[in-house]
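Note sheet for the following structure.
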Amino acid sequence: MPATLDLTDPSARPLRPTAIAADGKPVLVGMDRGELIAAMAEIGVPERQRKMRVNQLWHWLYVRGSSDFSDMHTISKDLRDKLDAHFSVARPEIVEEQISSDGTRKWLMRFPPRGAGRPVEVETVYIPEEGRGTLCISSQVGCTLTCTFCHTGTQKLVRNLTPEEILAQLLVARDRLGDFPHKDTPQGAIVPTEGRKVTNIVMMGMGEPLYNFENVKKALLIASDGDGLALSRRRITLSTSGVVPEIARTGTEIGVMLAISLHAVRDELRDELVPINKKYPLKQLLDACRAYPGLSNARRITFEYVMLKGVNDSLSDAKELVRLLKGIPAKINLIPFNPWPGSAYECSDWETIETFADFINANGYASPIRTPRGRDILAACGQLKSESERMRKTERLALEAMMIAGHGAD
């Protein structure tokens, strides 16, 4: 009986092979240690030396932030030349960098086609605050979820990002902010006064991270590796619109903090605002949250709630929100709606937002009102979007067939 594969189910899709750079070389960034050892074997590094060479590469890539083999002076010149001939560690092209009046920075990065028919672009945002700097990272080019209040949702999905492309956003930000040893912070940049410039990362950029689970998992495990980028998993937050089957896996296999894009307390409204609710309604979603591995008062789930005037901002909505979240260690981020061209919604009045927050606080939940950041450069929550086009259906089906056959390297 022939085997079949449902490519509409993200968990059933074959994993993408190693990312290939624009020059045709495999990219070492995003490989785990086992894959790096295999890469060393491919270029003839003796078996007894492979682990040592991988440790050296890991240090240069993720501690020193090197993007050129010639900088890796603890590795012999002969091996550096061989690595350069066979592999790439180069950064993606930065198409544009914008700096907001409040210090928020947004980068538009360009990556190779990798099946999309043409190069693709994604946006990454850095938000400086007193004592910390948060990097908002994208997981997909475009998005499938079409949340009606979200600008990103108006861009159809082009493709998933590879682990290398997810990590590259972090590496580029640290480059540009002088957050690696011996690199300078740009003059006048707004950054934390002490310690790292990028202290936290949030998977809240373009795309639904849990529809790209394996690649996101691999990237975040590398980002949290103690011998490299060494970001604490408690400083990494993954935000999902509610892909219920992958929520438990996020806790057990990645172990990061969880955020839920909630935005409504009734199924009929959430069906409209966050259409994935039709597949995984509120009861299923909140049951998955209650069962999230490691959930405690010290590891609370963040519920994101965008404030839409006359839509979801009434006192009765606040009361229902408290009822729904009963028993879940949680905090509730209230997000003033960030307008974008063509949107049908308005931001709730400030007095309404404060009344909503006061009620939630009085009922035992922290409910900070997220200060809008980067609005002047369309870098605020829900505003990210690139101009990458969706590949034609025939191109996509051809790519998927190649991937099944094991030939989809690029």
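Heavy atoms only, all atoms of each residue included: Phe111 and Leu161 are closest at CD1-CD2, 4.4 Å. Counting all heavy atoms, side chain and backbone alike, His86 lies closest to Pro26 at O-CD, 3.2 Å. The shortest non-hydrogen separation linking Ile301 to Tyr292 is CD1-CB, 4.1 Å. The two residues Pro112 and Val120 come nearest to each other via the heavy atoms O-CG2, 4.0 Å. Across all non-hydrogen atoms, the minimal contact from Ile166 to Ala219 is CG2-CB, 3.6 Å. When all heavy atoms of Ser348 and Lys309 are compared, the pair lying nearest together is OG-N, 3.4 Å.
Without hydrogens or angle criteria, Arg105 side chain to Glu97 main chain gives no donor-acceptor distance under 3.5 Å. Although no hydrogens or angles enter the test, the distance criterion places no donor-acceptor pair under 3.5 Å between the side chain of Arg249 and the main chain of Leu210. Side-chain atoms of Gln284 never come within 3.5 Å of backbone atoms of Pro281 as a donor-acceptor pair (strictly under, hydrogens ignored). A side-chain donor-acceptor contact under 3.5 Å links Arg50 to the backbone of Val45. The backbone N or O of Ala264 lies less than 3.5 Å from no partner atom in the side chain of Asn312, so there is not a single donor-acceptor pair. Not one N or O on the side chain of Tyr62 forms a donor-acceptor pair closer than 3.5 Å with the backbone of Asp225. In this structure, Asp313 contributes its side chain and Gly310 its backbone to a donor-acceptor pair below 3.5 Å. The closest donor-acceptor contact from the side chain of Thr302 to the backbone of Lys331 lies at 3.5 Å or more, if one exists at all. Counting only distance, with no hydrogens or angles, the side chain of Lys218 and the backbone of Thr162 share no donor-acceptor pair below 3.5 Å. Judged purely by atom type and a 3.5 angstrom limit, Ser367 uses its side chain to pair as donor or acceptor with the backbone of Ala357.
The pair Asp317-Arg266 counts as a salt bridge, with a side-chain nitrogen and a carboxylate oxygen less than 4.0 angstrom apart. Salt bridge status for Arg64 with Asp71: absent, with no side-chain N to carboxylate O gap under 4.0 Å.
To the nearest 0.5 Å, the span separating CD on Glu253 from CD on Glu246 amounts to 8.5 Å. Put simply, CG on Leu61 and CG on Leu229 are 9.5 Å apart, with the number rounded to the nearest 0.5 Å. Here the CD-CE distance, from Gln140 to Met206, works out to 9.0 Å after rounding to the nearest 0.5 Å. Atom-to-atom distance recorded for Ile328:CD1 and Cys289:SG is 5.5 Å, nearest 0.5 angstrom. Atom CD of residue Glu304 and atom CD1 of residue Ile260 lie 8.5 Å apart, to the nearest 0.5 angstrom. Rounded to the nearest 0.5 Å, atoms CG (Leu108) and CD (Glu93) are 9.0 Å apart.
Put simply, the side chain of Leu220 reaches to within 4.5 Å of the side chain of Ile201, judged on heavy atoms. Residues His59 and Thr74 fail the side-chain proximity criterion, which asks for heavy atoms closer than 4.5 Å. Side-chain contact between Glu165 and Arg159 is present, with at least one heavy-atom pair separated by less than 4.5 Å. Put simply, the side chain of Leu321 reaches to within 4.5 Å of the side chain of Leu262, judged on heavy atoms. Contact check for Cys143 versus Leu157: no side-chain heavy atoms found under the 4.5 Å cut-off. By the 4.5 Å heavy-atom criterion applied to side chains, Ser261 and Ser239 are counted as neighbours. Within the 4.5 Å cutoff, no side-chain heavy atoms of Ser296 are placed close to those of Pro329. You'll find the side chain of Lys25 reaches within 4.5 Å of the side chain of Asp84, heavy atoms only.
Taking the ring axis of Phe69 as reference, the NZ or CZ atom of Arg80 does not stay both within 45° of it and closer than 6.0 Å to the ring centre.
Thr355 and Asp358 share no side-chain donor-acceptor pair at under 3.5 Å. In this model, no donor atom of one side chain and acceptor atom of the other lie less than 3.5 Å apart for Gln56 and Trp60. A donor-acceptor contact closer than 3.5 angstrom is absent between the side chains of Glu208 and Ser139.
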- Does the pair Thr250 and Thr240 meet the rule for a side-chain contact (heavy atoms from CB on, under 4.5 Å), with working shown? CA-CA 10 Å; Thr250 300; Thr240 176; over 6 Å; no
- Arg196/Asp179 under salt bridge (Lys or Arg N to Asp or Glu O under 4.0 Å): CA gap, chis, key distance, verdict: CA-CA 6 Å; Arg196 290 185 173 192; Asp179 204 22; 5.7 Å; no
- Stepwise, does the side-chain contact (heavy atoms from CB on, under 4.5 Å) test hold for Leu231 with Leu170? CA-CA 11 Å; Leu231 279 162; Leu170 174 57; 3.9 Å; yes
- Stepwise, does the side-chain contact (heavy atoms from CB on, under 4.5 Å) test hold for Ile254 with Ile236? CA-CA 10 Å; Ile254 311 178; Ile236 300 173; over 6 Å; no
- Task: Tell me, with the steps shown, if Asn55 and Asp227 meet side-chain contact (heavy atoms from CB on, under 4.5 Å).
- Result: CA-CA 9 Å; Asn55 288 338; Asp227 293 324; over 6 Å; no
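The ring pair (Phe, Tyr, Trp, His ring centres under 6.0 Å) contacts involving residues 297-333 comprise Tyr305-Phe356, where partners must be two or more places apart or lie in separate chains.
When the shell of 6.0 Å around CD of Glu130 is examined, it contains 12 or fewer heavy atoms from other residues, nucleotides or ligands. Remark: Lys326 NZ is loosely packed, at most 12 non-hydrogen atoms of other residues, nucleotides or ligands lying under 6.0 Å away.
For the side chain to side chain contact (heavy atoms under 4.5 Å, CB included) test, residues two or more places apart in sequence or in another chain that qualify with Ser70 are Asp68.
Aromatic ring pairs are classed by plane angle as parallel below 30°, tilted from 30° to 60° and perpendicular above 60°; the pair Tyr345 and Phe337 is perpendicular.
Phe87 pairs in a side chain to side chain contact (heavy atoms under 4.5 Å, CB included) with only one of the listed residues (Ile43, Leu57, Val27), which is Ile43.
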